[in-house]
Amino acid sequence: MVNELILDLSKYSSFSLDYCFKSGQIFGWRKMDSYWYGPYDDVVLRLSQISDRLKIHASKEISEKEIIHFLGLKDKKKDVDKRLALNLFMRSAISRYSAVRIFRQDPSNTILSYLCAQNKNIPAIERMIFELSRKFGDRVELDGTTFYTFPRFGRIARSNVNELLRVGLGYRAKYLLEASKALKEDVDYINKIKEMSYVNAWNEMVAGNMKLIGVGPKVADCILLYGFEKMEAFPIDVWVSRVYTTAFDKLLPEEESKYYFERLCLKNRLDKGLYLKLANSARKVFGEYAGYAQLYIFMYGRDYLRYCR
DNA sequence: ACTCGACCTGAAAT
DNA sequence: AATTTCAGGTCGA
């Protein structure tokens with residue numbers, strides 16, 4: 001257990017702190033000068049990278065093992081990339097963003113985070129998470145600056161809708177409160193989801209007995225991928241749906257591809273039925289690495305769409 | 001099972 | 001400058 005830690009990244013193939021934090025997979029972190037500051041459990045971390053040298057500074061003691069796990073450094077990215085490089089779109093995405101990794105976030109944090117993340121753009125989500133942490137998290141000083149840890153659901157559960165509304169959550173306030181109460185009520189909720197297969201967990205969260213109000217198909221996939229290490233989850237948001245047929249060029253049977261193209265052109269909101277079809281097709285193509293495929297498609301897809309305009 | 005409008009809020013677009 | 005649109009979707013009729 002240490003406060004300072006230096007990791008030699010040459011052991012792990014490509015890794016970019018900037019890509020990881022700018023990929024939209026995690027909220028509540030900010031870059032000041034060349035340092036990334038953000039909460040990890042009850043600690044605030046300061047991360048910086050100069051080529052293969054990753055420096056970690058922590059407000060309390062942490063273990064190297066934890067950090068390596070958190071940063072997803074154990075993923076065999078060379079194997080992942082080889083498996084996903086199936087067409088021109090994917091090869092381009094990988095050559096640009098190969099240095100991105102999926103972080104292993106705290107499960108309950110991802111539930112609260114992605115409940116906030118619906119129907120808002122990323123800067124707005126960052127603002128909500130920042131205000132939420134400022135109000136309900138613990139204060140931590142690091143490098144002469146004040147930071148806040150991510151709020152625990154127990155603290156949110158003791159709050160009320162009016163107090164949460166002041167954070168600017170809008171209709172998500174009720175979702176956060178209800179989810180926090182449910183997690184407090186069912187102390188085994190997190191562990192049960194952890195032990196389930198991806199499919200069972202998704203069904204439970206979206207339509208089963210463990211359903212949380214505000215958790216739909218997309219939010220469930222984000223929670224399961226980023227919080228529960230269900231790597232075959234394939235969250236489909238507006239960006240992924242916009243580039244879906246391009247990203248899957250030559251990877252689906254022509255009939256299927258044509259059907260998706262027509263449906264996706266027709267409407268920009270996915271119903272549960274179409275969502276499942278698109279996500280299941282993605283899993284058929286990308287298998288156990290569908291989560292990484294989604295991150296590549298999201299990141300490169302946004303570049304691609306910006307370039308089109 | 002499928003469709004549709006409503007939903008908090010604030011920044012960006014018109 | 002006032003008004004509309006849009007944003008990592010989901011709910012309920």
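Labels below follow one simple rule: chain letters A, B, ... track the order of the sequence lines, proteins then strands, and each chain is numbered from 1. We use all heavy atoms of the structure for the numbers below, so side chains are in, but hydrogens, waters and symmetry mates are not.
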As a quick check of understanding, evaluate side chain to side chain donor-acceptor pair (under 3.5 Å) for A:D75 and A:Y292, giving each step before the final call. CA-CA 10 Å; A:D75 292 334; A:Y292 264 112; 2.7 Å; yes
Under the side chain to side chain donor-acceptor pair (under 3.5 Å) criterion, do A:D81 and A:Y296 qualify, and how do the steps go? CA-CA 10 Å; A:D81 291 350; A:Y296 280 133; 2.6 Å; yes
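Residue-level contact check: A:P217 touches the backbone only, with heavy atoms under 4.0 Å from sugar-phosphate atoms and none from bases. Across all strands, A:R302 comes closer than 4.0 Å to no nucleic acid atom at all (heavy-atom distances). Within 4.0 Å (heavy atoms only), A:F27 reaches at least one base atom of the nucleic acid. Counting any heavy atom pair closer than 4.0 Å across all strands shown, A:E126 reaches no nucleic acid atom. Across all strands shown, A:G216 has heavy atoms under 4.0 Å from sugar-phosphate atoms exclusively, and none from any base.
The side chain of A:R172 contributes no N or O atom lying less than 4.0 Å from OP1 or OP2 of C:dA7.
A residue-by-residue look at A:I122 and A:L212 shows that A:I122 has its nearest nucleotide of DNA chain C further toward the 5' end.
Spacing between atom OH of A:Y275 and atom P of B:dA1 amounts to 18 Å, rounded to whole angstrom units. When the C1' atom of C:dG9 is taken as reference, atom CE of A:M205 falls 15 Å away, rounded to whole Å. Rounded to whole Å, atom P of B:dC4 lies 14 Å from atom CG of A:L274. Rounded to an integer number of Å, the gap from A:D271 CG to B:dA1 C1' is 9 Å. Distance A:Y171 OH to B:dC8 C1': 7 Å, rounded to the nearest Å.
Closest to the side chain of A:L165, from the set C:dT10, C:dC11, B:dT9, is B:dT9. Of the listed nucleotides (C:dC11, C:dT10, C:dA7), C:dC11 has the atom at the smallest distance from the side chain of A:K211.
Judged purely by distance below 3.5 Å, without hydrogens or angles, the side chains of A:Y198 and A:D221 pair a donor atom with an acceptor atom. At a cut-off of 3.5 Å, with distance as the only test, no side-chain donor of A:T145 or A:D143 sits close to an acceptor on the other residue.
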